[in-house]
Amino acid sequence: MNVEHFLASFISQVINELFGLAIQPEEITLQKTKKEFEGDYTLVTFPYIKASKCSPEITGERIGEKLLSTNPSIIKFNVVKGFLNLSLSNDFWLSEFKHICAQSNYGIKPEKSSGKQIMLEYSSPNTNKPLHLGHVRNNLLGYSVATILKTQGHDVIKVNLINDRGIHICKSMIAWKLFGNGETPESSGLKGDHLVGKYYVEFDRAYKKEIQHLIDNGTSKEEAEKKAPIMLKTQEMLQKWEAHDQEIISLWKMMNGWVYEGFAISYKKLGVEFDKMYYESNTYLLGKEAVQEGLSKKVFYKKMDNSVAIDLTADKLDEKIVLRSDGTSVYITQDLGTAIERFKEFPHISQMIYTVGNEQDYHFKVLFKILEKLGYQWAKECYHLSYGMVELPEGKMKSREGTVVDADDLMDGMIETAKETTESSGKVSDFSNEEKEKLFHTIGMGALKYFILKVDPKKKMLFDPKESIDLHGNTGPFIQYAHARIKSILRDSKTDINGLNVHDGLTLHEKEKELIKLQYDFPKILSEAANTYNPAVVANYIYDLARLFNQFYNECSVLKEPDLKIQTFRIKLIATTAAIIKNGMNCLGIEVPEKM
RNA sequence: GGUCCCGUAGCUCAGCUGGAUAGAGCAACAGCCUUCUAAGCUGUGGGCCAUUGGUUCGAAUCCAAUCGGGAUCACCA
């Protein structure tokens with residue numbers, strides 16, 4: 001039984017009895033009492049003064065007195081202006097705490113218990129360059145939201161749609177052919193994705209040089225961009241690729257293979273994974289049937305030049321081309337086709353989530369609207385998990401210009417920072433080398449992941465590479481540290497925690513009560529995070545919990561507490577705290593060490 | 001120009017389904033380790049919540065306008 005509901009239904013009865021006002025429990029809003037006042041929950045009395053025909057203060061007094069006399073869990077109340085603050089008894093909170101203890105994974109619903117199946121797409125890299133900070137945000141966000149949805153009992157299918165074809169891929173291939181001299185990851189010692197990325201940058205350099213050369217010889221800029229020889233070669237290569245030219249296909253396979261080897265390493269380090277991979281080289285022709293279907297349903301129309309379009313001006317969007325005049329498809333065509341395919345392939349999915357940056361907000365609005373107009377019922381269950389760009393102090397990152405924060409460098413740098421800090425603390429002298437490496441990875445990646453996930457996904461975020469990510473304060477390691485501290489106490493206690501029982505009638509220390517109250521919120525936090533697709537909700541909650549534990553730790557001793565009943569209670573209390581920290585951090589894809 | 005998103009402490013961010021004196025962290029300053037891990041805890045300073053108007057008993061929160069920042073409006077992906 002939810003505490004707010006429990007109180008609200010009592011209050012609705014009381015208000016009805018006292019003032020004759022019929023009010024549903026759901027309409028009563030209770031809020032947590034602010035720190036500076038005494039009490040657990042607060043009722044704002046302003047909405048009821050019309051019915052009570054008294055001042056807000058008197059209204060509060062009357063409701064409070066009635067509640068006190070009818071509800072044994074309420075032991076005290078006070079009224080400040082129009083605010084009625086209610087205090088619940090220690091035993092009430094202790095019995096809530098027992099409920100928390102009784103569940104092995106408090107707040108987390110059993111796997112696949114909701115019966116709802118959701119497909120979530122994330123990552124979606126191009127195979128022409130290595131992953132950068134922007135991809136890191138995408139990957140962490142997608143993985144985290146998937147994990148959070150799983151806590152609600154949903155069956156989540158994580159998919160990755162790899163953009164493995166197109167003109168941008170050919171750019172790296174052409175540059176490698178022209179300037180590569182047969183260089184391979186083995187011969188260069190470069191990670192495969194970095195090697196391919198090097199030639200993507202190389203292409204841009206050569207292209208720009210050719211453009212400048214043409215401009216110097218009197219060609220207009222626009223003309224030069226089209227006529228640059230290297231660009232013509234690239235377009236020729238794309239045509240050959242589409243015509244299944246064996247030589248091009250095998251070059252493509254080889255270079256993509258290098259990229260996949262590189263990605264696999266980065267994904268592993270990031271700790272993300274997928275249930276199914278899609279490749280655009282397989283899906284890029286999809287959607288033409290949907291175009292035909294749309295034409296016959298008169299959703300689309302043919303234009304004078306034979307291209308096919310849809311008019312969305314009535315929906316405050318523009319006209320959108322869905323098939324070129326030469327009959328080839330555009331980006332949105334394959335997105336339409338892919339979506340339709342997926343719902344055929346997985347008939348039980350009830351929701352489709354796309355983790356894509358907010359620069360594509362418009363694209364997804366158009367996509368979902370078209371699907372709706374084509375008559376697909378599930379179109380309204382498609383959701384664009386839109387997130388803000390990661391910006392550097394100098395502005396946006398640009399792959400072609402090399403002004404990106406590379407994902408591998410970033411991760412290695414964080415792990416190195418974690419190593420330095422950890423070693424200087426001198427706490428891990430008894431660790432084996434293997435354990436140390438694991439710990440540095442856990443802490444470094446924890447810092448990075450928390451740094452990115454604690455901010456609201458839809459907001460753009462700033463990253464300054466010159467200021468390394470902090471390990472103190474509101475950070476991943478802060479939370480990991482709180483967890484390690486708890487585990488250290490539990491080890492020293494040398495007791496079987498499951499065998500312990502919490503006694504009634506304890507007097508609760510302020511911080512103990514706060515810990516119970518905050519732990520009690522965990523399931524609500526998870527469902528809120530799931531409903532809003534927002535890992536930051538979990539991140540900020542876990543931080544609050546860790547901070548509260550640290551305060552408790554400073555004020556109350558666990559193992560040195562002489563009263564055994566209290567000691568037992570405290571052991572249970574910190575054990576559940578640790579479990580929630582661990583499960584919460586797991587939602588962010590962050591591991592927590594037993595010792596650090 | 002149209003549409004969408006964002007403006008909260010020096011910096012990075014919470015709070016936004018309307019409620020009490022707007023919160024954290026970093027940075028600065030001052031304390032706390034013979035006591036379960038100081039990656040910690042406590043305290044001090046720091047705010048016209050972009051501006052103006054409206055709705056309300058009550059607005060950082062809702063509405064409108066204005067100013068600033070960003071994205072997008074391709075037969076690119």
Quiz item: A/D544 near the nucleic acid: base, sugar-phosphate alone, or nothing, with a heavy-atom cut-off under 4.0 Å?
Solution: nothing
Quiz item: Hey, does A/T422 reach any base, or is it just sugar-phosphate, or nothing, if we go heavy atoms under 4.0 Å?
Solution: base
Self-check item: Atom of A/H483, atom of A/P593 and distance for their closest heavy-atom approach
Solution: ND1-O, 2.9 Å
Quiz item: Where each residue is assigned the nucleotide of RNA chain B containing its nearest heavy atom, which of A/R165 and A/K34 is assigned the position nearer the 5′ end?
Solution: A/K34
Practice problem: Mind checking side-chain hydrogen bond (donor to acceptor under 3.5 Å, both in side chains) for A/T234 and listing every partner two or more places apart, or none if nothing turns up? | Solution: none
Quiz item: Roughly, in whole Å, what's the span from CG in A/N85 to P in B/U21?
Solution: 13 Å
Quiz item: Do A/F46 and the base of B/G19 stack face to face, with centres under 5.5 Å apart and an angle between planes under 30°?
Solution: yes
Quiz item: When the P atoms of B/C48 and B/G10 are considered, how many whole Å apart are they?
Solution: 7 Å
Quiz item: Would you call the rings of A/W252 and A/W241 parallel, tilted or perpendicular if under 30° counts as parallel and over 60° as perpendicular?
Solution: perpendicular
Practice problem: Determine, step by step, whether A/K303 and A/E319 satisfy the salt bridge (charged side-chain N to carboxylate O under 4.0 Å, His left out) criterion, reporting the C-alpha distance in whole Å, the side-chain angles of both residues, the deciding distance to 0.1 Å, and the verdict. | Solution: CA-CA 11 Å; A/K303 305 223 295 181; A/E319 181 187 75; 2.9 Å; yes
Quiz prompt | Distance-only donor-acceptor test (3.5 Å): side chain A/D470, base B/A27 | solution = no
Quiz prompt | Atom pair distance, as rounded to whole Å: CG in A/N550 and C1' in B/G40 | solution = 5 Å
Exercise. When you get a sec, tell me which of B/A39, B/A77, B/C41 is the closest nucleotide to the side chain of A/R547?
Key: B/C41
Quiz item: Counting heavy atoms not belonging to A/K226, are there more than 12 under 6.0 Å from its NZ?
Solution: no
Practice problem: Using only heavy-atom distances, determine whether the side chains of A/R485 and A/N550 contain a donor-acceptor pair under 3.5 Å. | Solution: yes
Quiz item: Looking at B/A20, B/G19, B/C36, which one has an atom nearest to any side-chain atom of A/S557?
Solution: B/C36
Practice problem: Please state how far atom NZ in A/K320 lies from atom C1' in B/A77, giving the value in whole angstrom units. | Solution: 10 Å
Quiz item: Does B/A22 have OP1 or OP2 sitting under 4.0 Å from an N or O in the side chain of A/K35?
Solution: no
Exercise. Please state the C1' separation for the pair B/G31 and B/C57 - nearest whole angstrom.
Key: 45 Å
Quiz item: From B/U21, B/A39, B/G19, pick the nucleotide closest to the side chain of A/K81?
Solution: B/U21
Exercise. Would you tell me if any nitrogen or oxygen in the side chain of A/H472 comes within less than 4.0 Å of OP1 or OP2 on B/G25?
Key: no
Exercise. For A/R485 and for A/Y543, find the nucleotide of RNA chain B with the closest heavy atom, then tell me which residue's nucleotide is more 5'.
Key: A/Y543
Practice problem: Any chance you could encode RNA chain B as dot-bracket? Rule is Watson-Crick or G-U wobble with both distances under 3.5 Å; [ ] for pairs crossing earlier ones, | for another strand. | Solution: (((((((..((((.....[...)))).(((((.......))))).....(((((..]....))))))))))))....
Quiz prompt | Footprint string (nucleotides 3-15 of chain B, 5' to 3'): B base within contact, S backbone only, - free, heavy atoms under 4.0 Å | solution = -S-SS----SSS-
Quiz item: With A/I497, which residues qualify under side-chain contact (heavy atoms from CB on, under 4.5 Å), at least two apart?
Solution: A/L490, A/I571, A/K572, A/A575
Quiz item: Do A/N138 and A/Y387 have a side chain donor and acceptor closer than 3.5 Å?
Solution: yes
Exercise. Taking ring pair (Phe, Tyr, Trp, His ring centres under 6.0 Å) as the test, write out the residues that go with A/Y543, two or more places apart.
Key: A/F478
Quiz item: Within less than 4.0 Å of OP1 or OP2 of B/A39, is there a side-chain N or O belonging to A/Q480?
Solution: no
Quiz item: Nearest-Å distance, CG (A/L548) to C1' (B/U42)?
Solution: 15 Å
Quiz item: Quick one: do the A/D164 and A/T127 side chains pair a donor with an acceptor below 3.5 Å?
Solution: no
Self-check item: Atom P, compared across B/U37 and B/U51: separation rounded to whole Å
Solution: 49 Å
Quiz prompt | Rounded distance (Å) that lies between atom P of B/U42 and atom OH of A/Y553 | solution = 14 Å
Quiz item: Is B/C33 syn or is it anti, if syn means the base angle is within 90 degrees of 0?
Solution: syn
Exercise. Please work out if A/V558 contacts a base, only the sugar-phosphate, or nothing of the nucleic acid, heavy-atom cut-off 4.0 Å.
Key: base
Self-check item: Contact under 4.0 Å: A/Y362 side-chain N or O vs B/U72 OP1/OP2
Solution: no
Exercise. Tell me whether the OP1 or OP2 atom of B/U37 has a side-chain N or O from A/S488 closer than 4.0 Å.
Key: yes
Quiz item: Can you check the A/M596 CE to B/C36 P distance for me, whole Å?
Solution: 18 Å
Exercise. Flag as yes if A/F37 stacks onto the base of B/A20 (centroids under 5.5 Å, planes under 30°), otherwise no.
Key: yes
Practice problem: Please measure how far the C1' atom in B/C49 lies from the corresponding atom in B/G18, and state the result in whole Å. | Solution: 15 Å
Quiz item: Looking only at N and O atoms, is any donor in the side chain of A/T475 or the base of B/A39 less than 3.5 Å from an acceptor on the other one?
Solution: no
Quiz item: Is A/S425 touching bases, backbone alone, or none of the nucleic acid, heavy atoms closer than 4.0 Å?
Solution: nothing
Quiz item: Tell me: CZ of A/F478 to P of B/G40, nearest whole Å?
Solution: 6 Å
Quiz item: Would one find more than 12 heavy atoms of other residues, nucleotides or ligands at under 6.0 Å from atom CD of A/E121?
Solution: yes
Quiz item: If we take the P atom in both B/A60 and B/G53, what is their distance in whole Å?
Solution: 14 Å
Quiz item: With distance as the sole test, does A/N160 use its side chain to make a donor-acceptor pair with the main-chain N or O of A/S124 at under 3.5 Å?
Solution: yes
Exercise. Considering only atom C1', compute the distance from B/A64 to B/G45 and round it to an integer number of Å.
Key: 38 Å
Exercise. Figure out the CD1/C1' separation between A/I332 and B/U72, and round it to whole Å.
Key: 13 Å
Practice problem: Answer whether the closest heavy-atom distance between the side chains of A/K32 and A/T42 falls below 4.5 Å. | Solution: no
Quiz item: Donor-acceptor pair under 3.5 Å: do we get one between A/T42's side chain and the base of B/A20?
Solution: yes
Practice problem: Give A/I443 one of three labels, base, sugar-phosphate or nothing, depending on what nucleic acid heavy atoms sit under 4.0 Å from its own. | Solution: base
Quiz item: In terms of side-chain heavy atoms, does A/S52 have a donor or acceptor partner in A/T59 at a distance below 3.5 Å?
Solution: yes
Exercise. Check whether NZ of the Lys or CZ of the Arg A/K511 lies under 6.0 Å from the centre of the six-membered ring of A/F552 and within 45 degrees of that ring's axis.
Key: no
Practice problem: For RNA chain B, determine which residues of residues 278-286 of chain A have any heavy atom closer than 4.0 angstrom to one of its atoms, and list them numerically. | Solution: A/E280
Quiz item: Quantified in whole Å, what is the C1' atom distance between nucleotide B/U44 and nucleotide B/U8?
Solution: 22 Å
Exercise. With C1' as the reference atom in both, quote the distance from B/A59 to B/C63 in angstrom, rounded to an integer.
Key: 11 Å
